[in-house]
Amino acid sequence: MSKPDPPPRVRFAPSPTGSLHVGGARTALFNWLFARGRNGVFVLRIEDTDRRRSREDLTREIISELSWLGLDWDEGPVYQSRRGGLYLPPAERLLEEGLAYRSDPDPEGRTAVILRVEPEDIVFSDRVYGPITVSGGELKDIVLIKSDGSPAYNFACAVDDHQLGITHVIRGDDHLPNTPKQLLLYRALGWNPPVFAHLPLILGADRAPLSKRHGATSLKAFREAGILPDALANYLALLGWSPGGDREIMSRDQLVEEFSLEKVSRKAAVFDHQKLTWMNGRYIQETGPEELARRLRPLLAETEWETVSPGKLEAVISLLGHRLKTLADFPDQAGFFREGEIAYDPGAVAKHWSGEDVREILAEAREAVEAAEPFTRENLEDSLRAVIARRGIKAGALMQPLRVALTGRKDSPGIFEIILLLGRETTRERLDRAREFLEKNP
RNA sequence: GACCCCGUCGUCCAGCGGUUAGGACUCAGGCCUUUCAAGCCUGCAACACGGGUUCGAUCCCCGUCGGGGUCGCCA
C-alpha cells in the first residue's frame with residue numbers, strides 16, 4: 001500500500017465584485033467536499049485587491065450565502081487587500097536575481113515589475129484535464145507588480161497560495177490558461193507548485209456561459225425561490241461530477257465520502273432548472289414539517305402568513321408540505337387556510353359546480369360535517385361517505401364540489417384533512433358562502 | 001486569428017474493445033386515487049462525421065466539423 005496523502009489544504013477565493021453565483025458556489029462546494037473527504041483544511045480567501053470594484057456588502061453576502069449552502073471554512077476569511085506587504089519582497093528578490101525587470105516608466109514616472117519569460121515548452125498535469133502542454137513562445141512576460149504598486153493577479157495568487165500552504169488549487173477552467181504562468185512564477189521563486197484541478201464551466205440553456213440573462217443564478221435568488229441548500233448542493237455536485245453508476249440523490253456525507261477529482265468531467269454542463277426543481281421536491285418530501293416551517297419562515301415575511309402562529313403553520317405544512325416543489329410555492333398552495341373569503345377559480349367552478357344537484361349535495365355535505373361527532377377524521381369520512389352511498393353517486397361527485405367550496409380550487413390535499421384543519425365553523429361558513437354563490441350564479 | 005480544452009438521448013450523468021448502449025430530468029400514455037402532486041409501470045429519444053488500428057469499435061489513433069475557454073499593469 002502506498003502511504004496516505006497528507007491532509008490537503010484548499011481554498012475558495014471569490015472576488016467581491018458580484019453576488020455569489022452557482023458557478024462559484026459549485027467551485028466552493030468541490031473544494032469543500034475535497035477537503036472534508038480527506039481531513040483537509042478549507043480556506044476562504046477574499047480577492048479584493050481591485051479597490052474600485054470590490055464591495056464590502058458583497059463580501060458579507062458571499063459569506064452568508066456560503067454558510068447557507070452549508071459550507072464552512074477552517075481558516076479565513078483572509079483578505080487579500082490586507083496583505084499588501086507580502087508581495088513586494090518576492091518581487092524584489094526576483095529583481096535582484098535578474099529574473100525580473102522594471103518596465104519603462106509611464107508618463108507619471110511609475111514602473112511595473114515584470115517577470116522575464118523564456119520561450120520553452122511548459123508541461124503540467126491537471127488533476128481533471130490530465131497532461132497539458134503549452135509550447136514555448138506562447139507566453140509573454142508576466143507582470144508581477146503593477147505600476148500603482150499593487151500585485152497583479154497571477155502573482156498575488158501564487159504568493160498567497162504558497163504562503164497559505166495551499167496544496168490543491170481547484171477552480172473554474174477559465175483559469176486553465178493562467179496555470180502555465182503561475183507555474184513559471186513558482187519555478188522562478190523556487191517554490192513547490194500546488195496540484196491544479198480545473199472544473200468545467202456551467203452553461204445556460206443556450207449553451208452560453210451562465211449569466212444574469214439566464215434568470216436566477218445567484219445563490220441569493222435560489223434561496224429566495226425556495227430551494228433547499230441540501231438540494232442545491234446535491235444538484236451542483238452532480239453538475240460536472242458523478243460517483244459513477246446511477247446514483248443521484250446523495251446526502252452530504254455520501255458526497256463527501258465519494259467525491260474525487262478524478263471523476264470530475266471535462267465537459268461544460270448546462271444548468272437545468274427543472275431538474276433542480278425536481279430534486280428540491282424530493283428533498284422537501286424528506287424534510288419534516290418542523291424544519292420546513294423554519295426554512296419557510298424567512299420567505300413568508302411581508303406576506304399574509306407573517307403573523308400566523310407557529311403551530312398553525314406547522315399544521316398546514318404537515319398537510320401539504322410534501323406537495324411543494326419549492327418553498328416559494330407555499331403561499332399559493334396554502335392560501336385557502338388563511339381566514340377570510342377564498343377566491344373561486346373560474347375553471348374549478350365551471351367544472352365541478354355546473355351539475356344540477358350540486359346545491360343539494362353541498363347541503364347534505366354540510367349536514368354530514370355537522371353530524372360528525374366527535375369531530376375526527378374517521379367520523380368525517382364515515383359521515384360523508386354515507387351521503388355518497390345514500391345518493392348513489394361517485395365519490396368524486398361529492399368531493400370535488402366540496403373541494404371547490406372549501407378551497408376554491410381544483411386540486412388540494414385530502415378533503416377530510418382539510419375539513420379537520422379548517423374546523424367546523426370555517427367549514428360551515430364556506431359551505432354557506434358556496435350556497436349563496438350558487439344561488440346568485442345558477 | 002493564435003493557443004488550450006471538449007463532443008453518448010433535448011438536458012445531466014453511466015459506460016472505460018464484444019451491452020437489446022443504462023439511469024435521471026423533461027415529454028406522452030397507463031395504474032392508483034375524492035382532485036392535484038407524489039408513487040408505480042410503459043413509451044419516445046443518443047454514441048457529430050470520415051479515415052485508420054483490431055476478428056470486433058461509443059470506447060484507441062488521425063483528420064474534419066461543431067462547441068467552449070483564454071489571449072489586460074481585471075480577477
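Chain A is the first sequence line, chain B the second, and so forth, proteins listed ahead of strands; every chain is numbered from 1. Bear in mind the structure is a predicted one, so any value in this text is a computation, not a measurement.
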For atom [atom1] of [X] and atom [atom2] of [N], their distance in whole Å:
| X | N | atom1 | atom2 | result |
| --- | --- | --- | --- | --- |
| Asp329(A) | A37(B) | CG | C1' | 11 Å |
| Trp353(A) | U35(B) | CH2 | C1' | 15 Å |
| Leu139(A) | U70(B) | CG | P | 16 Å |
| Glu286(A) | G39(B) | CD | P | 11 Å |
| Ile132(A) | C3(B) | CD1 | C1' | 12 Å |
| Phe416(A) | U35(B) | CZ | C1' | 12 Å |
| Ile62(A) | A75(B) | CD1 | C1' | 12 Å |
| Lys181(A) | C4(B) | NZ | P | 15 Å |

[N] - base-pair partner by Watson-Crick or wobble geometry, distances under 3.5 Å:
| N | value |
| --- | --- |
| C49(B) | G63(B) |
| C3(B) | G69(B) |
| U33(B) | none |

Considering only the [atom1] atoms, how many Å lie between [N] and [M], rounded to the nearest integer?
| N | M | atom1 | value |
| --- | --- | --- | --- |
| C44(B) | A2(B) | C1' | 44 Å |
| G18(B) | C13(B) | P | 23 Å |
| C5(B) | G10(B) | P | 27 Å |
| G30(B) | C49(B) | P | 36 Å |
| U19(B) | C59(B) | P | 13 Å |
| A21(B) | A46(B) | C1' | 9 Å |
| C47(B) | U20(B) | C1' | 15 Å |
| C61(B) | C25(B) | P | 34 Å |

Any Val10(A) side-chain heavy atom under 4.5 Å of Val43(A) side chain: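 SC-SC contact between Val10(A) and Val43(A) ruled out.
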
Any heavy-atom pair between the side chains of Phe196(A) and His168(A) that's under 4.5 Å? no

With a 4.0 Å cut-off, would you call Glu364(A) and Arg390(A) a salt bridge? yes

So if I take every side-chain heavy atom of [X] and compare against [options], which nucleotide ends up nearest?
| X | options | answer |
| --- | --- | --- |
| Ile415(A) | C71(B), A38(B), U34(B) | U34(B) |
| Arg403(A) | G69(B), C71(B), U34(B) | U34(B) |
| Ala395(A) | A75(B), U34(B), C73(B) | U34(B) |
| Glu47(A) | C73(B), A75(B), U70(B) | A75(B) |
| Arg385(A) | C73(B), U34(B), G69(B) | U34(B) |
| Gln400(A) | A38(B), C73(B), U35(B) | U35(B) |

Would you indicate, yes or no, if U35(B) has its OP1 or OP2 atom less than 4.0 angstrom from a side-chain nitrogen or oxygen of Lys351(A)?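 No, because none of the side-chain N or O atoms of Lys351(A) sits under 4.0 Å from OP1 or OP2 of U35(B).
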
Would Arg26(A) count as a cation-pi partner of Phe30(A), with NZ or CZ less than 6.0 Å from the six-membered ring centre and within 45° of the ring normal?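 Yes, Arg26(A) sits over the ring of Phe30(A).
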
Can a cation-pi geometry be assigned to Arg252(A) and Trp32(A), taking NZ or CZ under 6.0 Å from the six-membered ring centre and within 45° of the ring axis?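 That pair qualifies as a cation-pi contact.
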
Every protein N/O lying under 3.5 Å from an N/O of nucleotides 6-16 of chain B:
{"unit_1": "C6(B)", "atom_1": "OP1", "unit_2": "Arg266(A)", "atom_2": "NE", "d": "3.4"}
{"unit_1": "U8(B)", "atom_1": "OP1", "unit_2": "Lys267(A)", "atom_2": "NZ", "d": "3.4"}
{"unit_1": "U8(B)", "atom_1": "OP2", "unit_2": "Lys267(A)", "atom_2": "NZ", "d": "2.2"}
{"unit_1": "C12(B)", "atom_1": "OP1", "unit_2": "Val270(A)", "atom_2": "N", "d": "3.0"}
{"unit_1": "C12(B)", "atom_1": "O2'", "unit_2": "Leu238(A)", "atom_2": "O", "d": "3.3"}
{"unit_1": "C13(B)", "atom_1": "OP1", "unit_2": "Gly240(A)", "atom_2": "N", "d": "2.7"}
{"unit_1": "C13(B)", "atom_1": "O2'", "unit_2": "Ser242(A)", "atom_2": "OG", "d": "3.2"}
{"unit_1": "A14(B)", "atom_1": "O2'", "unit_2": "Gly245(A)", "atom_2": "N", "d": "3.3"}

Residue whose closest nucleotide on RNA chain B lies nearer the 5' end, Ser15(A) versus Trp278(A): Trp278(A)

Comparing Glu138(A) with Pro413(A), nearest RNA chain B nucleotide closer to 5' gives the residue Glu138(A)

When we call it a touch if two heavy atoms are under 4.0 Å apart, what does [X] touch: a base, just sugar-phosphate, or nothing?
| X | answer |
| --- | --- |
| Asp106(A) | nothing |
| Gln333(A) | nothing |
| Thr133(A) | sugar-phosphate |
| Lys394(A) | nothing |

Step through the shown structure and confirm whether more than 12 heavy atoms of other residues, nucleotides or ligands are within 6.0 Å of [atom1] on [X].
| X | atom1 | value |
| --- | --- | --- |
| Glu291(A) | CD | yes |
| Glu120(A) | CD | yes |
| Glu262(A) | CD | yes |
| Lys351(A) | NZ | no |

Pull out every protein N or O sitting under 3.5 Å from an N or O of nucleotides 40-49 of chain B, one pair per line with the distance.
none

If only side-chain N and O atoms count, and only distance matters, is there a donor-acceptor pair under 3.5 Å linking Asn178(A) with Tyr153(A)? no

What class does the angle between the rings of His273(A) and Phe271(A) fall in, given that below 30° is parallel, 30 to 60° is tilted and above 60° is perpendicular? perpendicular

Students often mix this up, so state it plainly: with edges at 30° and 60°, are the rings of Trp191(A) and His162(A) parallel, tilted or perpendicular?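 Geometry flag for His162(A) against Trp191(A): parallel rings.
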
